[in-house]
Amino acid sequence: IDALDTPVVFTMPNADSGGREIWDLIREFAKSRPNVHWAENLGTQVYFSMMAVSALMLGNSSSGIIEACSFGLPVVNIGNRQDGRVRGPNVVDVNADRDSIVAGMSRALDPAFKQSLEGVSNPYGDGTASNIIVERLRTVELGSRMTSKRFYDAPGTDER
């Protein structure tokens, strides 16, 4: 990060184990670096606006896996925290060591890599799921079969 000649914004970690220690490390790191800033919570609109203009996302956040692709934002995903999740082509997975992270950042910041993301589809959808759900609900018959719960005794259970 010190090698980057650009503003850097940290968003603070959630309540996972070790989160408070990471908060302290980020605040200490930012103190002596005028181009490094941190925010506890940006709110959805500001967060997405930042993703739209950022050059890179670095970390191990689910947001890098799920939302960043919609912005064509290159993501360097560090470590195995997000293993098992579907990824878009914007994600560069790296090990949690300095050399791997630097190599991943170099790849993600390559103009050819960024250009390859133009018009890419997010594997998590295009943001229109609510419209599709509403349209589907308009066409489904919501008679008593759909709106009344039916209960059955499980086999082998006795009345209590």
Side-chain angles (χ1 to χ4, degrees), residues 1-140:
I1 291 173
D2 282 330
L4 297 174
D5 185 26
T6 185
V8 174
V9 177
F10 280 93
T11 55
M12 298 311 242
N14 59 23
D16 286 353
S17 177
R20 284 290 166 200
E21 290 83 4
I22 294 171
W23 274 59
D24 293 341
L25 291 168
I26 290 170
R27 286 193 293 250
E28 189 61 35
F29 182 81
K31 273 185 191 176
S32 61
R33 293 165 177 88
N35 67 321
V36 176
H37 310 279
W38 61 270
E40 183 173 342
N41 186 335
L42 295 171
T44 304
Q45 187 172 2
V46 172
Y47 183 68
F48 287 161
S49 296
M50 292 273 300
M51 286 178 35
V53 299
S54 293
L56 168 73
M57 180 185 287
L58 178 67
N60 63 15
S61 170
S62 60
S63 180
I65 304 296
I66 298 170
E67 289 100 4
C69 190
S70 294
F71 296 91
L73 178 62
V75 173
V76 177
N77 177 57
I78 302 170
N80 60 8
R81 183 169 181 251
Q82 301 302 328
D83 282 359
R85 289 187 187 233
V86 172
R87 292 151 163 62
N90 62 312
V91 178
V92 177
D93 289 303
V94 300
N95 292 324
D97 63 80
R98 185 181 194 287
D99 290 342
S100 296
I101 294 167
V102 169
M105 290 172 63
S106 179
R107 177 172 175 220
L109 292 170
D110 183 323
F113 183 78
K114 177 71 173 173
Q115 187 176 8
S116 76
L117 300 178
E118 288 181 21
V120 72
S121 294
N122 188 326
Y124 287 93
D126 61 3
T128 62
S130 61
N131 295 338
I132 294 167
I133 292 167
V134 167
E135 280 308 307
R136 182 59 54 126
L137 287 174
R138 284 187 178 144
T139 64
V140 172

Where Ser63 and Met57 come nearest, the two heavy atoms and their spacing
OG-CE, 4.1 Å
Shortest non-hydrogen separation from Val75 to Ala68 and the atoms involved
CG2-CB, 3.5 Å
Test: Arg33 cationic atom under 6.0 Å from Phe29 six-membered ring centre, within 45° of axis
yes
With heavy-atom distances below 4.5 Å as the criterion, would you say the side chains of Arg87 and Asp93 are in contact?
yes
Enter the distance from Ile133:CD1 to Arg138:CZ here, rounded to the nearest 0.5 Å.
13.0 Å
The criterion is ring pair (Phe, Tyr, Trp, His ring centres under 6.0 Å); which residues satisfy it with Phe48, sequence neighbours excluded?
Phe71
Got a donor-acceptor contact below 3.5 angstrom from the Asp97 side chain to the Ser100 backbone?
yes
My understanding is that only residues two or more places apart in sequence, or in another chain, count here; which of them pass salt bridge (Lys or Arg N to Asp or Glu O under 4.0 Å) with Arg107?
none
Quick check: closest heavy atoms across Val76 and Ala108, and the distance to 0.1 Å?
CG2-CB, 3.8 Å
Could you give me the CA-CA distance, side-chain angles and deciding distance for Met51 and Ser70, then say whether side-chain contact (heavy atoms from CB on, under 4.5 Å) is met?
CA-CA 9 Å; Met51 286 178 35; Ser70 294; over 6 Å; no
Between the CG atom in Asp126 and the SG atom in Cys69, the distance rounded to the nearest 0.5 Å is 11.5 Å
Do the side chain of Asn90 and the main chain of Leu73 share a donor and acceptor less than 3.5 angstrom apart?
yes
Side chains of Val91 and Ile65: does their closest heavy-atom pair fall under 4.5 Å?
yes
Would you check if Thr11 and Trp38 make a side-chain contact, meaning some heavy-atom pair closer than 4.5 Å?
no
Measure the shortest side-chain to side-chain distance between Met12 and Ile26 over non-hydrogen atoms and say whether it is less than 4.5 angstrom.
yes
Heavy atoms, side chains only, cut-off 4.5 Å: are Gln82 and Ser61 in contact?
no
Of all heavy-atom pairs between Ile22 and Pro13, which one has the smallest distance, and what is that distance?
CG2-CG, 3.7 Å
What's the spacing between Met50 CE and Gln45 CD if we round to 0.5 Å?
13.5 Å
Do Pro74 and Met105 have side-chain heavy atoms sitting under 4.5 Å apart?
no
Walk me through it: do Leu58 and Ile101 pass the test side-chain contact (heavy atoms from CB on, under 4.5 Å)?
CA-CA 9 Å; Leu58 178 67; Ile101 294 167; 3.9 Å; yes
Summary of ring pair (Phe, Tyr, Trp, His ring centres under 6.0 Å) pairs that have at least one residue in residues 89-135, sequence neighbours excluded
none
Given 3.5 Å as the limit, does a donor-acceptor pair link the side chain of Lys114 with the main chain of Ala55, or not?
no
How far apart are the C-alpha atoms of Thr6 and Asn35, what are their side-chain angles, what is the distance that settles it, and do they pass the side-chain contact (heavy atoms from CB on, under 4.5 Å) test?
CA-CA 7 Å; Thr6 185; Asn35 67 321; 5.7 Å; no
Does the side chain of Val8 reach to within under 4.5 Å of the side chain of His37, using non-hydrogen atoms?
no
Is the shortest side-chain heavy-atom distance between Phe10 and Ile1 below 4.5 Å?
yes
Interatomic spacing from CD1 in Ile78 to CG in Asn60 - rounded to 0.5 Å
7.0 Å
Do Asn131 and Thr128 meet the criterion of a side-chain donor-acceptor pair at a distance under 3.5 Å?
no
Working note: Ser62 + Arg81, criterion side-chain contact (heavy atoms from CB on, under 4.5 Å); need CA distance, chi angles, decisive distance, verdict.
CA-CA 9 Å; Ser62 60; Arg81 183 169 181 251; 5.8 Å; no
